[in-house]
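First up is the structure itself, then whatever we jot down about it.
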Amino acid sequence: MTLSALCEQCQHCTGCGLSQTRNKLVFGVGPENAEVLFIGEGPGQQEDLQGEPFVGAAGHLLDDMLLIVDLGRDNCYIANIVKCRPPGNRDPLETEQEACFPWLQQQIEILQPKIIVCLGRISAQKLIKPDFRITREHGQWFSYNGIPIMAMYHPSALLRDPSKRPESFRDLKILQQKVSELCTHTP
Ligand code: URA
């Protein structure tokens, strides 16, 4: 199975109610050999219109964050916990996250990333632990089935509260160190 074949299957998903209101499904983007996987929460308005993750305001900030660690969109993979937009950008419901999770599990299985980065609380609570506290535990390494995983503040949170940016800068430097230890074809 390849990511593009999985993406093709996923386009027809009606696994939860979000499929009824989506404009475009947002599967994820990046090369099949990406070593670093970023996982956000779910598509917003721009993502729903364009079918790509992180293309709105938060996405522009994510691009800047990637540059700080010498990563670009062309050498990492970006996906979300849910692949269809929750109406009004509400948090995805637990039932919606559960319904969508097998798609992400298969993406991880195919990609076999060396490092996973959760963007925000929703992603960290799904992939690290249900009681994850983003304010206390961002920037720390955990394991997801043996893969090093850490969470950072979601770029939208950094747009809302710029005082969190220095902490995120430190988290990015921690990520950069891990990339230099574990990744072969990523700078
Ligand atoms: N926020 C997310 O969590 N994911 C996106 O794709 C865009 C905004």
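Atoms within each ligand, like the ligands themselves, are counted from 1 in listed order. Computed from a predicted model, the values in this text were never measured in an experiment.
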- Message: At less than 4.0 angstrom from any non-hydrogen atom of Gly40, what atoms of ligand 1 do you find?
- Response: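 So the answer, numbered in order with elements, is 3 (O).
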
- Would you mind listing which atoms of ligand 1 come within a distance below 4.0 Å of any non-hydrogen atom of Glu41? 2 (C), 3 (O)

- Indicate, as side chain, backbone, both or neither, the part of Glu47 found under 4.0 angstrom from ligand 1 when only non-hydrogen atoms are considered. side chain

- What part of Pro53, side chain, backbone, both or neither, has a heavy atom within less than 4.0 angstrom of ligand 1? both

- Nearest protein heavy-atom contact for atom 4 (N) of ligand 1: which residue, which atom, what distance?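 Ranking protein heavy atoms by distance from atom 4 (N) of ligand 1, first comes Asn80 OD1, 2.8 Å.
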
When you measure from the heavy atoms of [X] to every atom of ligand 1, does any distance fall below 4.0 Å?
X: Val26; answer: no
X: His154; answer: yes
X: Gly42; answer: yes

Return yes when atom [atom1] of [X] has more than 12 non-hydrogen atoms of other residues, nucleotides or ligands closer than 6.0 Å, and no otherwise.
X: Arg133; atom1: CZ; value: no
X: Glu109; atom1: CD; value: no
X: Arg136; atom1: CZ; value: no

- Query: Do you know the tightest heavy-atom contact between Arg85 and Thr21?
  - Reply: O-OG1, 4.3 Å

- Any donor-acceptor pair under 3.5 Å linking the side chain of Gln45 with the backbone of Gly56? no

- Verify the cluster assignment for Leu127 and Ile115: are they in a single hydrophobic cluster under the rule of side-chain heavy atoms below 4.5 Å apart?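 As far as the 4.5 Å side-chain criterion goes, Ile115 and Leu127 are connected within one cluster.
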
